[in-house]
Amino acid sequence: MNKQLRKAVIAGNWKMNKTPDETKALIEEIKPLVKDADCDVIVCVPYIDIHTALEATKGSNIKVGAENCHWAESGAFTGEVSAPMLKAIGVPYVIIGHSERRQYFGETDETVHDRVRAALNNDLTVILCVGEYLKQREQNITMEVIATQVKIALAGVSAEELKEKIIIAYEPVWAIGTGLTATAQQANEVNKGIRDLIADLYDADTANATVIQYGGSMNAKNADELLSQPDVDGGLIGGASLKAPDFAAIVEAASK
Ligand code: PEP
């Protein structure tokens, strides 16, 4: 992290876990542990839990996010939730392009782009996920894959929108939920590559202001090392975000 240039952001991605009652209990457990955080703290929860999470976090330093939103404002999309719906209930953040959406639900770079646009049009802050498969890393095309994902997702996004309303999460697919973590050097190398790409596409100021997280089996033990890298501005945390002490330890590492 470079604290002179950027504020770190630690976001939990609860995935398809926790009922509303369990959501309340976990947030009540997390709240006192992160109250003095010197970083932004977000919990992204299933749609069904958003209302409970918003209530439970009121008056605290924890913000709430959704895990996806549709690209259309409304319409015949059974089972989907739109950005205006999220805006209407007051949820400020939304994850878009998570690799599980890309792998299991047919998400493409184009639909990620459309969802990002819909979220920005509705004043939501986007956590935009990008990442390569293991095979692509082995083929030495990691940066090409990431650059394509970033360029398509950000097409038409202004520098102001990028600086103010987008957090990029670099999440190597092979490290998500597998217990395999990118080394701190691998994480920083790709995050720096993304920052250099933003400098090319926009300008150096925008690149320096953009928050770029790492995600992929970040936990209480490896967070310190990953977060000490200059271009790793926080983390998107899956499994470890479901255990209050582990999530709090990562928040503490990002607060140093
Ligand atoms: C994620 O879901 O974004 C993630 C990084 O999961 P995990 O921390 O479990 O690898």
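As the structure is a prediction and not an experimental result, all values here were calculated from the model. We count ligands from 1, going down the list as the structure has it; atoms in each ligand are counted the same way. Quick note: numbers below take in every heavy atom, side chains included, and nothing from hydrogens, waters or symmetry partners.
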Below 3.5 Å only, please: the N or O atoms of ligand 1 paired with protein N or O atoms, distance on each line.
residue: ligand 1; atom: 2 (O); partner: Asn13; partner atom: ND2; Å: 3.1
residue: ligand 1; atom: 2 (O); partner: Lys15; partner atom: NZ; Å: 2.7
residue: ligand 1; atom: 2 (O); partner: His98; partner atom: NE2; Å: 2.9
residue: ligand 1; atom: 3 (O); partner: His98; partner atom: NE2; Å: 2.9
residue: ligand 1; atom: 3 (O); partner: Glu171; partner atom: OE1; Å: 3.0
residue: ligand 1; atom: 3 (O); partner: Glu171; partner atom: OE2; Å: 2.7
residue: ligand 1; atom: 6 (O); partner: Lys15; partner atom: NZ; Å: 3.3
residue: ligand 1; atom: 6 (O); partner: Gly238; partner atom: N; Å: 3.4
residue: ligand 1; atom: 8 (O); partner: Ser217; partner atom: N; Å: 3.4
residue: ligand 1; atom: 8 (O); partner: Gly238; partner atom: N; Å: 2.8
residue: ligand 1; atom: 9 (O); partner: Gly239; partner atom: N; Å: 2.9
residue: ligand 1; atom: 10 (O); partner: Gly177; partner atom: N; Å: 2.6
residue: ligand 1; atom: 10 (O); partner: Ser217; partner atom: N; Å: 2.7

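The residues Arg102 and Glu171 are annotated as not salt-bridged, no charged nitrogen and carboxylate oxygen being separated by less than 4.0 angstrom. Lys163 and Glu160 are joined by a salt bridge, as a carboxylate oxygen and a charged side-chain nitrogen come within less than 4.0 angstrom of each other.
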Ignoring hydrogens and angles, write down the donor-acceptor pairs under 3.5 Å from the side chains of residues 233-253, residues two or more places apart or on other chains.
residue: Asp233; atom: OD1; partner: Arg6; partner atom: NE; Å: 2.9
residue: Asp233; atom: OD2; partner: Arg6; partner atom: NE; Å: 2.9
residue: Asp233; atom: OD2; partner: Arg195; partner atom: NH2; Å: 2.8
residue: Asp233; atom: OD2; partner: Ile212; partner atom: N; Å: 2.8
residue: Ser241; atom: OG; partner: Ile237; partner atom: O; Å: 3.1
residue: Ser241; atom: OG; partner: Gly238; partner atom: O; Å: 2.7

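Screening residues 39-52 for side-chain hydrogen bond (donor to acceptor under 3.5 Å, both in side chains) gives Lys7-Asp40, Thr23-Asp49 as the qualifying pairs, with residues at least two apart or on separate chains.
For the ring-ring contact (aromatic ring centres under 6.0 Å, His included) test, residues two or more places apart in sequence or in another chain that qualify with His70 are Phe77.
Atom NZ of Lys221 has 12 or fewer heavy atoms from other residues, nucleotides or ligands within 6.0 Å.
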